[in-house]
Protein chains: 2
Amino acid sequence: MPVYLDIATQLDNDVRNKYQAGDYLPSESQLALRFNVNRHTVRRAIDELVATGMVQRHQGKGNMVLRQPHDYYLHAGAHFTGNLLEQGSLPRSEVLQARVIIANSKIAERLNKPAESKVIHIRTFRKIDGIPRTVIDHYLSDTTWWVVLKYFNTGSLHQFINKELNIELQRKNTRLRAQMPTNEDCRLLQINSNIPILKIKTTNVIKGTNIVAEYSSSNTRSDVIELVMEH
Amino acid sequence: MPVYLDIATQLDNDVRNKYQAGDYLPSESQLALRFNVNRHTVRRAIDELVATGMVQRHQGKGNMVLRQPHDYYLHAGAHFTGNLLEQGSLPRSEVLQARVIIANSKIAERLNKPAESKVIHIRTFRKIDGIPRTVIDHYLSDTTWWVVLKYFNTGSLHQFINKELNIELQRKNTRLRAQMPTNEDCRLLQINSNIPILKIKTTNVIKGTNIVAEYSSSNTRSDVIELVMEH
DNA sequence: CGGGATTTGTGCGTATGTATA
DNA sequence: TTATACATACGCACAAATCCC
């Protein structure tokens, strides 16, 4: 094992045990003295911590500890069930935003509407252990629903629509991919930029028709989540 | 602007215009001569390309160009359809490995077998545009199938089992997550470690029974892939 | 199989630039 | 302004992986 990886391991331990988020590591020169290596070697070691998102470099100041890395691992309780695919159905979702917006071209296309149409945008999220794990953006085609939907604030969106508007939504297709989070994703999900997220997009029609009523896009932090579908 | 960023920009242009995926860059020593800098500086420049996923390092061989710019964009043709979830069904898969192994504890558990049982391991992969996009590990519980399965070399594994053994496999459940690739994933999929992968794991029973016959685990590069399911 | 040539990976020492306090 | 800390760059040496004869 290269020396720099040894040092990276020790620094990793220090960060976990001795430092808190916001603290600064000893200077690279001091660390070089302490580990009896050249400063380049210390820098290479710190590169590893930077790559994993534990440390941030600040020229002229020092290398700052970003945060205590949780020991993330999957446990059975953290599993989402297949109904995550039915994104309007999450029973304990909460509303972050709800408003009428001008659809961008992609959303307009998914909803089969002309460019720059007005659509309803509702952003909900679901927490596990007090931390937001999934953020879902719902885009609803029919703005006349707004008079009712503006009162939606918690629970299952699809159930709400069913009850208040007497309309049943049916999932038509699902698109799924993994990607690295945007800055906004990082903020909403409270994660570092090095954790991949699952992005699930669905289009939903009014049951029995081909009328696309809803397009939804969800982002889920994937480090503590495993999507399980029983067939 | 630092010298290494200048060189990175030039190399980036070269990669886009002069090289194809799979090509190797000139050696670092040659590039150092060409740009009249130290080899360290060239390495620092190549680090930039590695970080953006354009180039992969191979110790002892050289620095390989990973992909062309058009690969950065999802295009409709690159979409997998939902039958990716039925991992034995990929019609144009090829076999990388096929052998009998001792199952580790996780695989044994999934197959409802005692620890350290023997199982059949078949690794297949699927290419798009000549590049491996998905690598699937199949683990089959019944080693008596080996006398037949050792002759499987291409096509659909489930079809082969159906035809040769007269056994129909049925998907029981699917687990799905996103994660960063291991070193082996990077090698097999020819990607950099900064691209997340989709991991899909299925258990399959013998149709009409509860006998778990197969556990499969697939890794798919997620940068050019979007999983589409029609309902 | 061995051995030598090539190429990337690691590490040291030194020097200088740049940002911060 | 000065001192400190990180950023860039050169040169040298050797290790480790790969390739080819």
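All chains are named by letter (A, B, ...) in the order of the sequence lines, taking the proteins before the strands, and each is independently numbered beginning at 1.
Rounded to whole angstrom, the span from the CG atom of A:N38 across to the P atom of C:dA15 amounts to 13 Å. The CD-P distance, from B:E48 to D:dT8, rounds to 9 Å in whole Å. In this structure, the CD atom of A:E28 is 14 Å from the P atom of C:dC12, given to the nearest Å. For the pair A:L5 CG and D:dA16 C1', the computed distance is 14 Å after rounding to whole Å. Atom CE of A:M1 is separated from atom P of D:dA16 by 14 Å (rounded to the nearest Å). Whole-Å rounding puts the B:Y4 OH to D:dA7 P distance at 9 Å. Note: CG (A:L31) to C1' (D:dA5) measures 12 Å, nearest angstrom. D:dT18 atom P lies 14 Å from atom CE of B:M64, rounded to whole Å.
The A:H40 side chain lies nearest to C:dC12 when the options are C:dA21, D:dA7, C:dC12. In this structure, of D:dT18, D:dC10, D:dT8, it is D:dT8 that holds the atom nearest to the side chain of B:P2. Here D:dC6 is the nucleotide among D:dC6, D:dA9, C:dT7 with the atom lying nearest to any side-chain atom of A:R57. Candidate nucleotides C:dT10, D:dA7, D:dA15 were compared by shortest atom distance to the side chain of A:Q59, and D:dA7 ranks first. Taking every side-chain heavy atom of B:T41 into account, D:dC10 is the closest of D:dT18, C:dT8, D:dC10. Closest contact between the side chain of A:K61 and the listed nucleotides D:dT8, C:dG17, C:dA21 involves C:dA21. Nearest nucleotide to the B:R39 side chain, out of C:dT10, D:dC6, D:dT8: C:dT10. For B:V37, whose side chain is taken as the heavy atoms from C-beta onward, the closest listed nucleotide among D:dC10, D:dT8, C:dT8 is D:dC10.
A salt bridge links B:R123 to B:E184: one of the charged nitrogens lies within less than 4.0 Å of a carboxylate oxygen. Using a cut-off of 4.0 Å between Lys/Arg side-chain N and Asp/Glu carboxylate O, B:R44 and B:E48 are scored as salt-bridged. Using a cutoff of 4.0 Å between basic side-chain nitrogens and carboxylate oxygens, A:D14 and A:R34 are scored as salt-bridged.
Rounded to 10°, the angle separating the first-five-pair axis and the last-five-pair axis of the helix from C:dG2-D:dC21 to C:dA21-D:dT2 equals 10°.
For C:dG9, the OP1/OP2 oxygens have a side-chain nitrogen or oxygen of B:R43 closer than 4.0 Å. Distances shorter than 4.0 Å separate some side-chain N or O of A:N63 from OP1 or OP2 on D:dC6.
If you check the side chains of B:N204 and B:T202, you find a donor sitting under 3.5 Å from an acceptor. Checking A:T9 against A:D12 by side-chain atom types alone, no donor-acceptor pair falls below 3.5 Å.
Here the side chains of A:F35 and A:Q10 are in contact, with some heavy-atom distance below 4.5 Å. You'll find the side chain of A:K201 stays beyond 4.5 Å of the side chain of A:S216, heavy atoms only.
Along DNA chain C, the nucleotide nearest to B:G60 and the one nearest to A:N36 differ in position, and the one closer to the 5' end is contacted by B:G60.
The base of C:dG9 has none of its N or O atoms less than 3.5 Å from a complementary donor or acceptor on the side chain of B:H58.
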Discussion item. Using side chain to side chain contact (heavy atoms under 4.5 Å, CB included), reason through A:R57 and A:D47 one step at a time and then give a plain yes or no.
Written reply: CA-CA 9 Å; A:R57 294 183 176 284; A:D47 280 344; 2.8 Å; yes
